Number of protein chains: 2
Amino acid sequence: MPQPTTAPIGVVLARTAKTAARAFDHALAAAGGSQPIWQILISLKTTPVANQRELADAVGVQGATLTHHLNGMEAAGLVTRRRDPANRRVHLVELTPEGEQLFLRLASAAIAHDERMRKGLTDTEIAQLADLLTRLAHNVTDS
Amino acid sequence: MPQPTTAPIGVVLARTAKTAARAFDHALAAAGGSQPIWQILISLKTTPVANQRELADAVGVQGATLTHHLNGMEAAGLVTRRRDPANRRVHLVELTPEGEQLFLRLASAAIAHDERMRKGLTDTEIAQLADLLTRLAHNVTDS
DNA sequence: TATTGTTATACTCTATAACTATA
DNA sequence: TATAGTTATAGAGTATAACAATA
């Protein structure tokens, strides 16, 4: 009788992600950061965002959640917020030199983490994995 | 100049896992559960554990965190805890009929979620993915 | 003393609802 | 009225430290 024979990929994915996320969390913490801070920094550096709403979308959190993190980051001297003269409703978020430095440190930690994770896997396998993960994610995306 | 050319797999993995985890969280919540409850139920059903310490390890949390969840599950009538007569330090955790029912409901939700996620992927690809993820996780595991 | 588990407490991340400022 | 963002509040998950019970 034909039955689905393969293992529940969701379980494997969840377990792997949990393990990887914890290891990465520790690496980020050791470098003076955290997951949300890293996500915000990398978004600021790589994605052109017009306002905080778009930044929140890029990071994958609600606007109020982003505000919460930006408050902490501003208090820590990592970012500045100033109103856009052209549209004073908009708050422009910019990295300070300290923010740039932390970005570099966290990027190093992320690269080291990546190299550790992919040890024993070929570039072809990594590309395959990335492709499969992307297709998986697409299946559970609403948009 | 030879440079690492492939994308940071950690980023792809983190993004995919976040998306998948959120979708799964919603599915579990709709079925009356949550991730930790599901992990505890599935561990109780599939892994023979001698005590809560082992159960906590299986779930991947600290003992106190497990106690926290078991308190809630016991209050909800999903599990019972009684002392082991042979070693009264040990608390035996057992599923109630309600716990069994919830396990079945969450299992259905997990299966549905899995089928949704793997749409468009062949069994071979899923097996490949599981293998790659397992190797990745192994690389960041301390043990 | 060592082991098993609980309680007390606190921290991080996230979210929703109500609010302020600006257009 | 609509849009951008903040504040207030709350809830879930996790952790560490101190404790109680048992061996």
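Below, each value reflects all heavy atoms present in this structure, side chains not excepted, and no hydrogens, waters or symmetry copies. Predicted model, so just to flag it, every value in this text is computed and none were measured.
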Which heavy atom of A:Ile9 sits nearest a heavy atom of B:Asp114, and at what distance?
N-OD2, 2.9 Å
In the structure I gave you, are the side-chain heavy atoms of A:Leu44 and A:Gln39 within less than 4.5 Å of one another anywhere?
no
Is any side-chain heavy atom of A:Arg83 closer than 4.5 Å to a side-chain heavy atom of A:Leu92?
no
Looking at side-chain heavy atoms only, is the closest gap between A:Leu121 and B:Arg135 below 4.5 Å?
yes
By side chain to side chain donor-acceptor pair (under 3.5 Å), which residues pair with B:Thr96, not counting sequence neighbours?
B:Glu98
Please state how far atom CE in B:Met73 lies from atom P in D:dA12, giving the value in whole angstrom units.
15 Å
Within this structure, what is the CG-to-P distance between A:Leu66 and D:dA4, rounded to whole angstrom?
14 Å
Find the distance A:Arg81:CZ to D:dA4:C1' and express it as a whole number of Å.
12 Å
Could you list by number each residue of residues 82-90 of chain B showing a heavy-atom separation from DNA chain D of less than 4.0 Å, or answer none if no residue does?
B:Arg83, B:Asn87, B:Arg88, B:Arg89
Look at B:Thr65 and D:dA15 and indicate whether a side-chain polar atom (N or O) is within less than 4.0 Å of OP1 or OP2.
yes
Residue pair B:Leu106 / B:Leu102, side-chain heavy-atom distance below 4.5 Å
yes
So, does B:His68 get its side chain near the phosphate of C:dT6, meaning an N or O under 4.0 Å from OP1 or OP2?
no
Quick check on D:dT6: is either OP1 or OP2 less than 4.0 Å from any side-chain nitrogen or oxygen of A:Thr67?
yes
Does the side chain of B:Leu70 come within less than 4.5 Å of B:Gln52's, by heavy atoms?
yes
If you compare every side-chain N and O of A:His91 against the phosphate oxygens of C:dA21 (OP1, OP2), does one of them come in below 4.0 Å?
no
Which nucleotide, C:dA17, D:dG13, C:dT6, lies nearest any side-chain atom of B:His69?
D:dG13
Side-chain contact test, heavy atoms from C-beta onward, threshold under 4.5 Å: evaluate it for A:Leu133 versus A:Leu13 and give yes or no.
yes
What residues form a ring-ring contact (aromatic ring centres under 6.0 Å, His included) with A:His69, not counting sequence neighbours?
none
Any residue meeting side chain to side chain donor-acceptor pair (under 3.5 Å) with A:Glu100, in chain and number order, not counting sequence neighbours:
A:Lys45
Where does the angle between the aromatic ring planes of B:Phe103 and B:Trp38 fall among parallel (under 30°), tilted (30 to 60°) and perpendicular (over 60°)?
parallel
Give, ordered by number, those residues of residues 52-63 of chain B having at least one heavy-atom distance below 4.0 Å to an atom of DNA chain D; if nothing qualifies, reply none.
B:Val61, B:Gln62
Is the phosphate of D:dT7, meaning OP1 or OP2, less than 4.0 Å from a side-chain N or O of A:Asn71?
yes
Residues in contact with DNA chain D, drawn from residues 14-46 of chain B - heavy-atom cutoff 4.0 Å:
B:Ser34, B:Pro36
